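Worksheet: the structure to be examined is printed underneath.
Note that the coordinates shown come from a computational prediction; the quantities given were computed from them, not determined experimentally.
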Amino acid sequence: MKFFLIFAALLAFSLAKDEDDKIVDNYLEQFKLRGGRSAAALDKIKKNVLKKRREIDEHNAKYRKGEVGFFSELNELSYKDEEEIKASNLGFIEGPPSNSSEHLPMARFGRTTLPDYWNWADKGVVRPVQNQGNCGSCYAFAAIGAIEAQACIVFGECGKLSEQEA
């Protein structure tokens, strides 16, 4: 009987390890992270991806129960830990100073003219979240997103514009 229990435990461990390896292999393939990495770097990636996968599974279980409002999945940053993400993806790259002090006038609306609830995402105006990578171009993504939304609202042209041309 002991032999059977030990065999069952080893088999369960092996299957779990195989499943973990499949998850990491699929992740590396999907996000093109396989080539040119040391064994230590791949071990760190595996650890981070599996940790993030467990967190996502817990979050999505709450989503299925209706406890949270969005579904989550692995993305191109899942292999990094929090400090790596902060170091490589956050921060503003400041450009030359602006001499302009002109500001456009803002329209003022009374609260009574607004509906109780309005969400442009529900109306198909707001595009999905994008990733600027580590180039510090948040200003371009924000500006293009605002222009795209206004073109969709005003002209009914709901196309995608290029942040690189901004």
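Side-chain contact check for Y117 and D122: at least one donor-acceptor pair (N or O, by modelled atom type) lies under 3.5 Å.
Salt bridge annotation for D20-R53: absent, with no cationic side-chain nitrogen under 4.0 angstrom from a carboxylate oxygen.
Grouping the Ile, Leu, Val, Met, Phe, Trp and Tyr side chains by contacts below 4.5 angstrom, directly or via other members, places F31 with I23. Side-chain heavy atoms closer than 4.5 Å link hydrophobic residues (I, L, V, M, F, W, Y) into clusters, and following such links, even through other members, never connects F141 to I144. Cluster annotation: I153 and W118 are assigned to the same hydrophobic cluster (Ile/Leu/Val/Met/Phe/Trp/Tyr, side-chain heavy-atom contacts under 4.5 Å, transitive). In the hydrophobic clustering of ILVMFWY residues, with side-chain heavy atoms under 4.5 Å counting as a link, L74 and L42 come out together. No single ILVMFWY cluster, assembled from side-chain heavy atoms under 4.5 Å apart, contains both Y79 and L77.
Shown here is Q130, whose CD atom has more than 12 heavy atoms of other residues, nucleotides or ligands within 6.0 Å.
Scanning all heavy atoms of the two residues, the minimum distance from Q132 to S137 falls at OE1-C, 3.4 Å. Between N119 and A121, the shortest heavy-atom distance links the atoms OD1-N, 2.9 Å. Here the closest non-hydrogen pair linking C152 and G124 is SG-O, 4.3 Å.
The ring pair (Phe, Tyr, Trp, His ring centres under 6.0 Å) contacts involving residues 39-62 comprise H59-F70, where partners must be two or more places apart or lie in separate chains.
With sequence neighbours excluded, the residues forming a salt bridge (Lys or Arg N to Asp or Glu O under 4.0 Å) with K160 are E148, E163, listed by chain and number.
Counting only heavy atoms from C-beta outward, the side chains of R37 and L28 never approach each other to under 4.5 Å.
The distance from atom CD of E55 to atom OG of S78, rounded to the nearest 0.5 Å, is 9.5 Å. The CG atom of N48 sits 11.0 Å away from the NZ atom of K80 when rounded to the nearest 0.5 Å.
Put simply, the side chain of S38 gets close to the backbone of A41: a donor and an acceptor are under 3.5 Å apart. Side chain of E84 to backbone of D81: a donor-acceptor contact under 3.5 angstrom is found. Side-chain N or O atoms of N60 include none that pairs as donor or acceptor with a backbone N or O of F71 at under 3.5 Å. Although no hydrogens or angles enter the test, the distance criterion places no donor-acceptor pair under 3.5 Å between the side chain of Y27 and the main chain of I45.
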